Amino acid sequence: MTSHLKKVELHCHLEGAAPPELTLAQARKYNIDISAYLKDGAYVWHDFASFLECYDKISEVYKTAEDYALLTETYLAELADIGTIYSELIVSPDHGKRIGLGADAYIEGVCEGIRRAKAVSGIEARLIVTGERHFGPESVIGAAEYAAKAGNPLITGFNLAGEERMGRVADYARAFDIARDAGFGLTIHAGEVCGAFSVADALDAVRPARIGHGVRAIEDADLIKRLADLGTVLEVCPGSNIALKVFPDFQSHPVRALKQAGVRVTISSDDPPFFHTSLEREYELASDVFGFSDAEIDEMTRTGIEAAFVDEATRQALFARL
Ligand code: ADE
Ligand code: ZN
């Protein structure tokens, strides 16, 4: 039972959190056929590439700023209901451009959703703008430039997501220079689909404060020590890793081994309905399957607040609520 614990989530893709019922209602509203991607209340995909395709198709039924406000408010309300005090949402202004809404209207809709959710429950949230590897370095640079120019106080981080097998982190380093200069916290998806080398790549080329997943660092003892020494925080999403077959089962998942080796870890849900999970379930797994005590789970939540991309006053306010 973890319902009594306060929670923090650092790694969740906004469109990846879209409840299937809401997606279906949106598809009906716009008369879009998504039957190949959403069947019997569940998203349909079979491997990492088809997951990314499904994710992009599903995202297309969210079209207006109000659609994004509703999606954001809905997810944050769900988080607040289970005792979550802080959420970082991974967003893609590029996606807003691709669907013809425009990056500004996309972000404005998301921010409106954050304001509405905060007014009801007090949940604090920030945005991490992401570039997608599979759209290439120029598009990732564009995302960083957009975020840097936006001057939006709720955008506090920059990420690299998408097809990890495309290119090396060094190809995207320029985007991270722009993001770093703009004062954003940096995090990179690595060591999820690709092995330990990909995490080492991220440290060599960018050295972000956090790594999305990073769990395949377990394949390299020297790298584990490097992560522990640097204090790099891993945003670990066990349910996602099992759904995507990064590991065959929870028994083989390295979250406990990483924590025991001194690596700073936090728990998140990634794209919850796509992976038949939720932040609530991830906390339950931490307790029931990985056998972490309440004190250990609280320690991971504290790590989440320490590593949150927020100003110091907000960080202290979050600690006070824990
Ligand atoms: N985009 C959405 N979810 C993702 C994941 N788990 N890995 C990489 N890119 C993603
Ligand atoms: Zn992710």
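Numbering of ligands and ligand atoms starts at 1, following listing order. Remember, it's a predicted structure, so these values are computed and weren't measured experimentally.
Atoms of ligand 1 found under 4.0 Å from any heavy atom of A161 (numbered from 1 in listed order, with element): 9 (N). Within ligand 1, counting atoms from 1 as listed, the ones closer than 4.0 Å to a heavy atom of H213 are 6 (N). Numbered from 1 in the order shown, with element, the atoms of ligand 1 that lie under 4.0 Å from a heavy atom of F51 read 2 (C), 3 (N), 4 (C).
Classified by interplanar angle (parallel below 30°, tilted 30° to 60°, perpendicular above 60°), the ring pair F247/H253 is perpendicular. Between Y55 and F51, the angle of the ring planes goes over 60°, which puts this pair in the perpendicular group of the 30/60° scheme.
The residue from R315, R321, K118, R115 that alone fulfils the salt bridge (charged side-chain N to carboxylate O under 4.0 Å, His left out) condition with E124 is K118.
Every residue two or more places apart in sequence or in another chain was checked for a ring-ring contact (aromatic ring centres under 6.0 Å, His included) with Y86, and none qualifies. Listed by chain and number, the residues in a ring-ring contact (aromatic ring centres under 6.0 Å, His included) with H189 are H11, H13, H213 (sequence neighbours excluded). Residues passing the side-chain contact (heavy atoms from CB on, under 4.5 Å) test with A17 are C12, Y75, P272, sequence neighbours excluded.
In summary, R116 and E66 engage in a salt bridge, as defined by a charged side-chain N under 4.0 Å from a carboxylate O.
No close placement of the F309 and F184 rings is indicated, their centers lying 6.0 Å or farther apart.
Summarising the local packing, CZ of R207 is surrounded by 12 or fewer heavy atoms from other residues, nucleotides or ligands at distances under 6.0 Å.
Considering backbone and side-chain atoms alike, Y55 places every N or O at 3.5 Å or more from each N or O of ligand 1. The N/O atoms of G162, backbone and side chain alike, include one that comes under 3.5 Å of an N/O atom in ligand 1.
The main-chain N or O of R168 is found under 3.5 Å from a side-chain atom of D171 such that the two form a donor-acceptor pair.
Here E132 has no heavy atoms under 4.0 Å from ligand 1, in either its backbone or its side chain. Contacts between E163 and ligand 1, counted as non-hydrogen atom pairs separated by less than 4.0 Å, are absent for every part of the residue.
Taking atom 3 (N) of ligand 1 as the reference point, the nearest protein heavy-atom neighbour is D271 OD2, 2.7 Å. For atom 10 (C) of ligand 1, the closest heavy atom belonging to the protein is H13 CE1, 3.7 Å. Nearest non-hydrogen protein atom to atom 7 (N) of ligand 1 is E192 OE1, 2.7 Å.
Annotation: cation-pi pair R98/F135 present, NZ/CZ under 6.0 Å from the ring centroid and within 45° of its normal.
Under a 4.0 angstrom heavy-atom cut-off, F48 registers as being in contact with ligand 1.
Protein N/O/S atoms found under 2.8 Å from the Zn ion (ligand 2): H11 NE2, H13 NE2, H189 NE2, D270 OD1.
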